[in-house]
Amino acid sequence: DAGVIQSPRHEVTEMGQEVTLRCKPISGHDYLFWYRQTMMRGLELLIYFNNNVPIDDSGMPEDRFSAKMPNASFSTLKIQPSEPRDSAVYFCASSLEIYEQYFGPGTRLTVT
Amino acid sequence: AQSVTQPDIHITVSEGASLELRCNYSYGATPYLFWYVQSPGQGLQLLLKYFSGDTLVQGIKGFEAEFKRSQSSFNLRKPSVHWSDAAEYFCAVGANTGRRALTFGSGTRLQVQP
């Protein structure tokens, strides 16, 4: 299995631009998670889905962030408009059981 | 709500020496506990997990961890560290009811000296 696939691996954008991060979970996994990792706040859960349905989005920082999972093999995390404080590494993870999470390599986002 | 404390931000050990990384958790019931490892530029990889039963759990790469309810701890150990073990290690706790998502500690960065 190819594991969790994230794209792009690096993204540099200017403040105010829209950013879309993409994730392909491991085939057969029914849970998908989006995390954000920063030096100041560590690893934070933003949102997770079960069977393509958002279950808990309490970690989404504000309305500028949105996540979708249109089918079992694809999810997006969108930031619009982006701000410098959104700079972080964003991880996608998937699992068959909720706790056995497999992480992707992450997307390093820099907003200037 | 559950929480995790990893009191050591950075640890340096010599190759071949033993290792113990500390983790303390706060949770009202029996927690689900995990250790993950993150190599530079990579995502997190699950090392081991504890759900119930035997309090000493074995994981991958020669790691083990012991759940001690009386101390609210889940320390990670390895008898002999290899240079390839240099990475950041995260302890995490999950609830068995309610909001079923992991809460991660702040991580411990391990440096291995030759």
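Here the structure is a predicted model, which is why all the values come from computation and not from measurement.
A:I5 and A:V89 fall into different hydrophobic clusters, where Ile, Leu, Val, Met, Phe, Trp and Tyr side chains are chained together by heavy-atom contacts under 4.5 Å. One hydrophobic cluster, built from ILVMFWY side chains closer than 4.5 Å, holds both A:M15 and A:L21. Under the 4.5 Å side-chain heavy-atom criterion for ILVMFWY residues, no single connected hydrophobic cluster contains both A:M69 and A:F74. Both B:I60 and B:V57 are members of a single hydrophobic cluster when ILVMFWY side chains are connected at heavy-atom separations under 4.5 Å.
Environment of CZ in A:R41: sparse, with no more than 12 heavy atoms of neighbouring residues, nucleotides or ligands closer than 6.0 Å. Crowding of A:E14 atom CD: a count of heavy atoms from other residues, nucleotides or ligands under 6.0 Å not exceeding 12. When the shell of 6.0 Å around CG of A:D63 is examined, it contains 12 or fewer heavy atoms from other residues, nucleotides or ligands.
Near-neighbour residues of residues 36-54 of chain B relative to chain A, defined by a heavy atom under 4.5 Å from a heavy atom of that chain, comprise B:Y36, B:Q38, B:G41, B:Q42, B:G43, B:L44, B:L46, B:K49, B:F51.
Note that the CE atom of A:M39 and the OG atom of B:S106 stand 10.5 Å from one another [nearest 0.5 Å]. Separating the CD atom in A:Q37 from the CZ atom in B:F104 is a distance of 9.5 Å, to the nearest 0.5 Å.
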Side-chain donor-acceptor distances from residues 102-112 of chain A under 3.5 Å, at least two apart:
from   : atom 1 : to    : atom 2 : distance (Å)
A:T107 : OG1    : A:P8  : O      : 2.5
A:T112 : OG1    : A:T13 : O      : 3.3

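Residue A:Q6: no heavy atom, backbone or side chain, is found under 4.5 Å from chain B. The part of A:R9 that comes within reach of chain B is its side chain, from C-beta onward, which places non-hydrogen atoms under 4.5 angstrom from that chain.
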